[in-house]
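Worksheet: one structure, shown below.
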Amino acid sequence: VPCLYLCGNSLGLQPKKARQYVLEEMDRWASSGVRGHFEGEGRHWAKIDDYLHKPSAKIVGALPEEVAVMNSLTVNLHLLFIPFYSPTAQRHKIIMEAKAFPSDRYLVESQVRLHGYDPD
């Protein structure tokens with residue numbers, strides 16, 4: 001039955017080749033160990049993002065050199081909190097939507113606790 005799949009807090013539908021690619025990398029890990037980062041046939045893990053610049057740029061309508069392939073949203077938010085969240089006794093609260101993705105909520109709570117404040 002045709003349908004639309006709209007869920008922002010999900011991996012979405014599994015791409016057709018995802019299982020094949022994951023199994024290829026698992027086999028490579030089993031046979032190469034740490035050398036898989038730089039040696040052997042296929043995708044070298046140390047530069048895995050290099051394989052994604054061109055197709056990612058096409059998706060967002062940018063040039064490959066204008067695209068950075070990074071971590072998950074939660075990891076990127078955490079990386080932004082480290083240098084920019086400097087709470088004080090008067091200003092330490094963070095406002096976010098009630099139904100935020102759980103990992104984002106944990107991120108915010110952990111940052112507040114890290115600075116000695118109660119997230120509740």
Side-chain angles (χ1 to χ4, degrees):
V1 176
C3 67
L4 290 176
Y5 186 91
L6 302 172
C7 183
N9 292 341
S10 171
L11 291 173
L13 298 174
Q14 185 182 78
K16 292 178 181 177
K17 290 199 166 205
R19 180 181 302 275
Q20 172 191 332
Y21 290 155
V22 168
L23 291 176
E24 286 173 9
E25 298 310 318
M26 295 298 287
D27 290 343
R28 184 178 173 148
W29 181 18
S31 65
S32 301
V34 72
R35 292 187 314 269
H37 285 284
F38 306 102
E39 300 174 4
E41 297 295 319
R43 301 170 288 269
H44 297 151
W45 304 324
K47 297 191 180 262
I48 197 70
D49 57 312
D50 290 347
Y51 299 100
L52 301 173
H53 288 140
K54 190 173 180 179
S56 297
K58 186 177 178 182
I59 290 170
V60 299
L63 298 173
E65 60 269 17
E66 296 173 327
V67 174
V69 178
M70 298 182 67
N71 306 296
S72 70
L73 176 59
T74 302
V75 171
N76 289 335
L77 288 171
H78 188 72
L79 294 172
L80 286 170
F81 265 84
I82 297 297
F84 294 113
Y85 179 57
S86 300
T88 65
Q90 294 77 31
R91 297 183 61 155
H92 60 271
K93 295 188 178 194
I94 299 170
I95 298 171
M96 64 187 300
E97 70 270 28
K99 294 184 178 181
F101 201 59
S103 60
D104 295 345
R105 180 166 295 287
Y106 302 146
L107 148 76
V108 169
E109 289 175 2
S110 72
Q111 282 294 316
V112 172
R113 281 191 184 98
L114 177 69
H115 291 280
Y117 297 98
D118 181 0
D120 298 321

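Please read all numbers here as calculations on a predicted model, not as lab measurements. Sequential numbering from 1 along the given sequence is applied to the chain's residues.
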**Message:** Take a 6.0 Å sphere around OH of Tyr51 and say whether it holds more than 12 heavy atoms from other residues, nucleotides or ligands.
**Reply:** yes

**Request:** Enter the distance from Glu109:CD to Asp104:CG here, rounded to the nearest 0.5 Å.
**Result:** 11.0 Å

**Request:** Would you kindly confirm whether Tyr117 and Met96 end up in one hydrophobic cluster when ILVMFWY residues are joined by side chain heavy atoms under 4.5 Å apart?
**Result:** yes

**Connected via hydrophobic side-chain network under 4.5 Å: Ile59 and Leu52** = yes

**Request:** Return the minimal non-hydrogen interatomic distance between Val67 and Ala62, and the atom names on each side.
**Result:** CG2-CB, 4.0 Å

**Prompt:** Is there a path from Leu107 to Ile94 through hydrophobic residues (I, L, V, M, F, W, Y) whose side chains come within less than 4.5 Å of each other?
**Reply:** yes

Which side-chain N or O atoms in residues 81-91 pair as donor and acceptor under 3.5 Å with protein atoms at least two apart or in another chain?
{"residue": "Tyr85", "atom": "OH", "partner": "His92", "partner atom": "O", "Å": "2.5"}
{"residue": "Thr88", "atom": "OG1", "partner": "Gln90", "partner atom": "N", "Å": "3.4"}
{"residue": "Thr88", "atom": "OG1", "partner": "Arg91", "partner atom": "N", "Å": "3.0"}

**Asked** Would a 4.5 Å heavy-atom cut-off, applied to side chains only, mark Glu41 and Arg28 as touching?
**Response** no

**Message:** Using only atom types and a distance under 3.5 Å, with no angle test, would you say the side chain of Gln20 pairs donor to acceptor with the backbone of Lys17?
**Reply:** no

**Prompt:** Between atom NE2 of His44 and atom OG of Ser32, what is the distance when rounded to the nearest 0.5 Å?
**Reply:** 8.5 Å

**Message:** Return the CZ to OG1 distance between Arg105 and Thr74, rounded to the nearest 0.5 Å.
**Reply:** 12.0 Å

**In one Ile/Leu/Val/Met/Phe/Trp/Tyr side-chain cluster, 4.5 Å: Trp45, Val69** = no

**Request:** Indicate the atoms forming the closest heavy-atom contact of Arg43 with Glu25, along with that distance.
**Result:** NH2-OE2, 2.8 Å

**Minimal non-hydrogen separation, Asn71 against Asn76, with atom names** = O-ND2, 3.4 Å

**Complete:** Output for pair (Arg35 CZ, Trp29 CH2), nearest 0.5 Å, gives 14.5 Å

